Amino acid sequence: MSSPETDKGNQLRSMSTDDKIHISFHDEKGKRNPLADVRNIGVMAHIDAGKTTVTERILFYSGRIHRTGEVHDGAATMDHMKEEQERGITITSAATNTHWKGCEFNIIDTPGHVDFTAEVERSLRVLDGAVAVFDAQAGVAPQSETVWRQANRYSVPRICFLNKMDKAGADFDAAVESIRVRLGAKAFPIQYPIGQADTFRGIIDILENIAIVYDEESQGRRWRETEVPEEFREKVESLRLELVEAAAETDDELLERYLGGEVLHRDDLLLAIRKGVLSGNIVPVLCGSALRNKGVQRLMDAVCYYLPCPLDIKSIEGEDPTTGETIERHPDSDAPLSALAFKTVSDKNGDLYFVRVYSGKIEQGMQLWNATRRKKERVGRLVVMHAAEREAVTELGAGRIGAVVGFKDTYTGDTLCMKDSQIILESMSFPETVIALAITPKSRGDRDKLGLALTRLAKEDPTFKAFTDDETGDTIISGMGELHLEVLVSRLLNEFNLDCEVGRPKVAYRQTLKKDCKIEGKHAKQSGGRGQFGVARVKITVTDDTENVFESSVVGGSVPKEYIGSIGAGLMWGCEEGYPLGFPFVKLHFDLYDGKHHDVDSSEMAFKEAGRLVMRNAVAQIGVDILEPWMAVAITAPETNLGDVLGSLNQRRGQVDRTESGSGDAMRIYGHVPLAEMFKYAEVLRGLSQGRGVYSMEPFEYRKVPESIADGIRKEIEAERAARNRK
């Protein structure tokens with residue numbers, strides 16, 4: 001992996017990028033496919049695990065940047081937004097590219113805070129592999145579990161990097177065990193640390209059976225290769241045996257040779273481990289300290305050796321939009337085009353539309369077909385990104401990730417293809433927003449600018465919503481958490497130069513009907529000339545699924561087919577309208593089983609209004625339950641403060657599922673709590689734990705609000721309406 005300058009084991013060695021790391025892919029004529037050397041990877045982790053620092057060091061050692069910027073100084077290359085630099089966290093996924101030992105890396109550095117989980121979701125949707133970074137002291141933190149589940153959802157092969165091995169309390173063995181137990185991963189160390197915490201000075205390559213001790217003065221550019229120190233030999237031999245057995249099990253022929261007593265060659269083991277990584281049966285674990293410049297080059301080698309190239313994906317499946325049949329597209333630039341738009345960024349120099357090309361190629365000036373929205377799009381310019389910088393290219397071929405300037409009607413999750421060979425790829429789903437606040441511009445000029453700014457932000461961020469409250473006229477913005485809205489408001493003030501007043505955050509309540517029912521909605525109006533007539537009879541069932549569903553079981557033509565869709569639209573209109581409290585309806589299944597029409601007076605509009613009246617009548621006859629978002633919460637706090645923290649959750653109507661030991665004296669608490677009870681909880685937790693407690697939470701489900709609290713919510717709404725009427 002390094003380039004030895006002598007054959008003496010203890011000679012100082014220098015970093016070299018001349019060595020080539022090649023995985024073999026050739027066509028029928030023996031020509032090597034250049035996609036074999038492409039790695040589309042994400043760097044993912046919980047907050048403060050050091051993933052941006054890892055990315056920064058990758059760029060530094062590969063020569064992409066010539067000096068490192070630190071996150072804590074607000075100078076990291078990948079954290080280019082003002083809000084990221086001020087807070088010292090990653091907020092949006094940032095893309096870059098570089099080269100290492102013959103491989104091209106296309107890297108996306110993803111956020112760690114759960115409020116920005118959509119950035120991780122859409123990145124993992126288009127990436128081929130990922131580096132999961134863990135704090136060696138904390139092991140698997142709650143947000144680690146979230147991003148790991150997201151990677152599982154898209155079957156993304158992973159390698160793990162235990163960062164911060166120099167941190168007090170770092171424990172390699174405990175961290176590996178937490179990966180195995182809490183993530184269910186088949187984790188196998190391919191490295192072992194030489195020392196931990198303040199004694200950490202290098203790593204042992206388990207496969208090569210050598211020790212690498214870094215020169216402290218060279219920023220990790222030079223190291224010594226030595227024999228494995230005596231005190232580590234037994235441990236390393238045990239780990240090597242586990243690794244070789246796991247590798248052999250990936251291939252029947254290799255297993256037979258191994259069981260026959262043959263000593264397996266290093267190259268055989270590398271390919272076998274790679275095969276295990278691609279299938280998910282092996283997750284290699286590496287270690288180091290990115291901030292102290294130790295272990296990153298060998299992590300980069302591991303990316304080349306073990307993570308997939310676009311050719312390993314073999315094919316992507318989509319749907320023919322006209323027939324509904326399944327279509328396969330292969331990673332070939334000569335095949336019909338299929339590409340997915342996975343991110344939009346508003347920019348004063350032209351909005352950027354990030355795309356992953358799965359087959360075919362996109363060229364500058366091409367006219368494409370947005371199969372999702374059935375619209376033409378023209379490619380203005382093509383670029384690849386290095387954080388905030390753009391580098392122009394003339395084409396993006398299969399397996400590539402880049403950005404397009406010039407689209408007008410494309411959004412996150414849309415499929416791009418050619419009109420004569422259409423396909424729709426699987427899109428992405430994002431959780432519903434759980435928190436909202438009112439924002440009011442201070443001047444008429446700002447009011448006009450606000451609408452444009454909100455439209456641009458909503459196009460960028462699929463978990464951000466903005467709408468106007470019909471009763472109050474207020475502009476309401478909603479998102480995934482307090483930090484999410486805080487960042488969005490900051491962007492409105494800084495990027496769009498808006499002067500606004502911001503209300504206090506409010507829970508995004510929902511409502512549903514109290515029980516199942518059969519309801520009729522009748523719209524009949526005669527005002528001279530042609531009238532309006534439509535009757536819809538609907539069976540409504542309260543379900544556990546948050547999403548509302550409409551279907552028709554009408555037979556006999558009581559409602560003509562051309563009006564059935566209008567009734568569905570009217571029902572959904574009524575759900576969004578949220579009469580009587582203003583909260584959208586959820587968890588409802590609608591079955592249109594009967595109705596009436598008039599040959600002259602019936603129309604789409606009449607039946608849409610009939611559907612809306614079904615909801616109004618259902619509310620009047622059945623009544624509603626208010627639903628509130630419950631959050632899955634994970635808290636880490638010192639064991640001595642466990643009782644106080646548990647008490648604070650009980651006071652907040654929380655349900656504790658389990659507690660378990662963390663690293664050192666830390667305890668982890670897992671449970672579920674209503675969002676309404678968790679505002680400003682970070683301040684409370686700090687007070688209960690002498691500043692050592694941290695927590696994360698993510699949306700779990702909507703549950704019925706206790707009647708005593710529901711009465712208070714209703715009274716608050718009535719008071720607000722009365723106050724507006726007095727004005």
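Note that the coordinates shown come from a computational prediction; the quantities given were computed from them, not determined experimentally.
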How long is the gap from [atom1] on [X] to [atom2] on [Y], to the nearest 0.5 Å?
{"X": "Met44", "Y": "Cys160", "atom1": "CE", "atom2": "SG", "value": "7.5 Å"}
{"X": "Lys608", "Y": "Leu571", "atom1": "NZ", "atom2": "CG", "value": "11.5 Å"}
{"X": "Glu319", "Y": "Ile327", "atom1": "CD", "atom2": "CD1", "value": "8.5 Å"}
{"X": "His523", "Y": "Ser603", "atom1": "NE2", "atom2": "OG", "value": "7.0 Å"}

Can you see which heavy atom on [X] is nearest to which on [Y], and at what distance?
{"X": "Lys419", "Y": "Trp369", "answer": "N-CB, 3.7 Å"}
{"X": "Asp409", "Y": "Asn370", "answer": "O-ND2, 3.6 Å"}
{"X": "Gly534", "Y": "Ala606", "answer": "N-CB, 4.3 Å"}
{"X": "Trp148", "Y": "Ala132", "answer": "CZ3-CB, 3.7 Å"}
{"X": "Met631", "Y": "Leu675", "answer": "CG-CB, 3.9 Å"}
{"X": "Ser359", "Y": "Arg329", "answer": "OG-CB, 3.5 Å"}

Item to complete: Answer yes or no on whether Arg356 is positioned over the face of Tyr358, meaning its NZ or CZ is under 6.0 Å from the six-membered ring centre and within 45° of the axis.
Response: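 Yes, a cation-pi geometry.
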Non-hydrogen side-chain atoms of [X] and [Y] separated by less than 4.5 Å:
{"X": "Leu416", "Y": "Asp414", "answer": "no"}
{"X": "Phe105", "Y": "Arg64", "answer": "no"}
{"X": "Phe116", "Y": "Val487", "answer": "yes"}
{"X": "Leu454", "Y": "Phe464", "answer": "yes"}

Discussion item. Checking the side chain of Lys375 only, and the main-chain atoms of Lys408 only, is there a donor and an acceptor separated by less than 3.5 Å?
Written reply: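 Here the side-chain-to-backbone pair does not exist.
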Worksheet item: Sub-3.5 Å donor-acceptor pair from the side chain of Ser566 to the main-chain atoms of Phe607, do we have one?
Response: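 Absent.
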Worksheet item: Are Ser696 and Gln143 close enough, and set up right, to give a side-chain hydrogen bond (donor to acceptor under 3.5 Å, both in side chains), and what steps lead you there?
Response: CA-CA 7 Å; Ser696 68; Gln143 183 61 11; 5.1 Å; no
Check the side chains of [Y] and [X] for a donor-acceptor pair under 3.5 angstrom, ignoring hydrogens and angles.
{"X": "Thr543", "Y": "Asp545", "answer": "no"}
{"X": "Thr412", "Y": "Arg122", "answer": "yes"}
{"X": "Glu391", "Y": "His386", "answer": "no"}

Can [X] and [Y] be counted as an ion pair, charged N to O under 4.0 angstrom?
{"X": "Lys459", "Y": "Asp351", "result": "no"}
{"X": "Lys465", "Y": "Glu432", "result": "no"}
{"X": "Lys539", "Y": "Asp591", "result": "no"}
{"X": "Arg456", "Y": "Glu495", "result": "no"}
{"X": "Arg400", "Y": "Glu104", "result": "yes"}
{"X": "Glu121", "Y": "Arg153", "result": "yes"}

Worksheet item: In terms of heavy-atom contacts, does CD of Glu604 have more than 12 from other residues, nucleotides or ligands at under 6.0 Å?
Response: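 At most 12 heavy atoms, drawn from other residues, nucleotides or ligands, come within 6.0 Å of this atom.
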Discussion item. I'd like to check the side-chain contact (heavy atoms from CB on, under 4.5 Å) partners of Gln367; sequence neighbours left out, ordered by chain and number.
Written reply: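 If we apply the side-chain contact (heavy atoms from CB on, under 4.5 Å) test to Gln367, skipping adjacent residues, the hits are Lys376, Arg378.
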